[in-house]
Amino acid sequence: MERWRRLEAKRIRDCRVFALDEVLLEPPGGGRARDFYVVEAPDWINVVPLTADGRVVMIRQYRVGADDVTLEIPGGMCDPGESPAAAALRELREETGYVADDLVPLGWVHPNPAIQGNRCHSFLARGARRAGDPAPDAGEAFEVVTYRLDEVPALIAGGAITHALVVAAFHLLAGRGEV
């Protein structure tokens, strides 16, 4: 399968956490060009923080899109010039107050390749330990909670964890077979 040819692109809207581009693409073989909309966003990260006694540090937070409180692992955007690993350690500390010395890359996924080109990188943070209070950004509020790692599959199956990228991170972790 060939890639479509990008004929032009223009920025429609620049928002705080993403931009929206209108892109004119021509299919292979010279078919009729069509407009598409692409959400431009920086890479994201997710962290599965695991304490020495086998508990996963998680957060509950209100999510505007779902208009609900969700149960998630720490995550966020990579700042300009920031590596995914550095973003993972920063977000872990900001959202939970925890730190870890052993950060293991689990892999990455495309959050929604139909309209986005960014990646979500997942990490395991072994030996997570509390180092202080969370330091949320303006407009963020978290409740830090912990669950045993062996409870996570039931949390996913029972609908307590609904964030697809969090489910993907736990899937990547399970695929390693070392925890």
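Residues: numbered from 1 along the sequence shown. Just so you know, these numbers come straight off a predicted model, no measurement behind them.
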Strictly distance-based, threshold 3.5 Å: is any side-chain N or O of T96 a donor or acceptor partner for the main-chain N or O of Y98? yes

What about I115 and L25, same hydrophobic cluster or not, with Ile/Leu/Val/Met/Phe/Trp/Tyr joined at side-chain heavy-atom distances under 4.5 Å? no

Neighbour count above 12 (heavy atom, 6.0 Å) for H110 NE2: yes

If two hydrophobic side chains count as joined below 4.5 Å and joins carry through other members, does F123 share a cluster with L50? no

Report yes if some heavy atom in the side chain of P42 is under 4.5 Å from a heavy atom in the side chain of N118; otherwise report no. no

Pair up each side-chain donor or acceptor in residues 134-147 with any protein partner under 3.5 Å, not counting sequence neighbours, and list the distances.
from: E140; atom 1: OE1; to: D137; atom 2: N; distance (Å): 2.8
from: T146; atom 1: OG1; to: R55; atom 2: NE; distance (Å): 2.9
from: T146; atom 1: OG1; to: R55; atom 2: NH2; distance (Å): 3.3
from: Y147; atom 1: OH; to: R60; atom 2: NH2; distance (Å): 2.6

Could you check whether any side-chain N or O of E91 sits under 3.5 Å from a backbone N or O of A88, counting only pairs where one atom can act as donor and the other as acceptor? no

Sequence neighbours left out, what pairs pass ring pair (Phe, Tyr, Trp, His ring centres under 6.0 Å) with at least one residue falling in residues 31-83? W4-F36

I want to check something: taking the side chain as every heavy atom from C-beta on, are E72 and M58 in contact at a cut-off of under 4.5 Å? no

Can you tell me how far the CG atom of L172 sits from the OG atom of S122, to the nearest 0.5 Å? 5.5 Å

Hey, are the side chains of L173 and L149 touching, using non-hydrogen atoms and a 4.5 Å cut-off? yes

Non-hydrogen atoms of L24 and A33 that approach each other most closely: CD1-CB, 3.8 Å

Verify salt bridge (charged side-chain N to carboxylate O under 4.0 Å, His left out) between D101 and R129, making sure each step is shown before the conclusion. CA-CA 9 Å; D101 295 325; R129 63 194 181 285; 3.4 Å; yes

For the pair R6 and E26, find out whether any cationic side-chain nitrogen is under 4.0 Å from an anionic carboxylate oxygen. no

Ignoring hydrogens and angles, tell me if any N or O in the side chain of D102 forms a donor-acceptor pair with the backbone of G127 under 3.5 Å. no

List the atom of N46, the atom of G75, and the distance in Å for their closest heavy-atom pair. OD1-CA, 3.7 Å

Just how far is it from atom CG of L155 to atom CD1 of I161, taken to the nearest 0.5 Å? 4.5 Å

Please examine the side chains of R5 and R3, heavy atoms only from C-beta on, and report whether any two atoms are closer than 4.5 Å. no

Give the cluster check for L20 versus V17: same hydrophobic cluster or not, with ILVMFWY residues linked at side-chain heavy-atom distances below 4.5 Å. yes

Run V38 and V23 through side-chain contact (heavy atoms from CB on, under 4.5 Å) and show every step you take. CA-CA 7 Å; V38 177; V23 181; 3.8 Å; yes

Approximate separation, where rounding is to 0.5 Å, of I156 CD1 and H171 NE2: 10.5 Å

L71 to A160 - nearest heavy-atom pair and separation: CB-O, 3.5 Å

Is it the case that H121 and D43 place a side-chain donor and acceptor less than 3.5 Å from each other? yes

Under 4.5 Å between side-chain heavy atoms, counting indirect links through other Ile/Leu/Val/Met/Phe/Trp/Tyr residues: same cluster for V56 and L103 or not? no

Point-to-point distance, once rounded to the nearest 0.5 Å, from CG of L124 to CZ of R176: 7.5 Å

Linking I/L/V/M/F/W/Y whenever their side-chain heavy atoms sit closer than 4.5 Å, directly or via other members, would V104 and F170 fall into one cluster? yes

Inter-residue atom distance E40.CD - D14.CG, 0.5 Å rounding: 10.5 Å

Looking at D79 and R90, is there a salt bridge between them, counting it only when a charged N and a carboxylate O are closer than 4.0 Å? yes

D21/R11 ion pair, N-O < 4.0 Å: yes

If you apply the rule side-chain contact (heavy atoms from CB on, under 4.5 Å), what do you find for E8 with K10, and how did you get there? CA-CA 7 Å; E8 63 183 59; K10 67 180 173 183; 5.7 Å; no

For C78 and P84 the tightest heavy-atom approach is SG-CA, 3.8 Å

Any non-hydrogen side-chain atom of H163 less than 4.5 Å from a side-chain atom of T70? no

Testing the basics here: between A125 and V47, what is the closest heavy-atom pair and its distance to 0.1 Å? CB-CG1, 3.7 Å

Is any side-chain heavy atom of D68 less than 4.5 Å from a side-chain heavy atom of R63? no

Over all heavy atoms of both residues, which pair between I59 and P74 is shortest? Give the atoms and the distance, please. CD1-CA, 4.4 Å

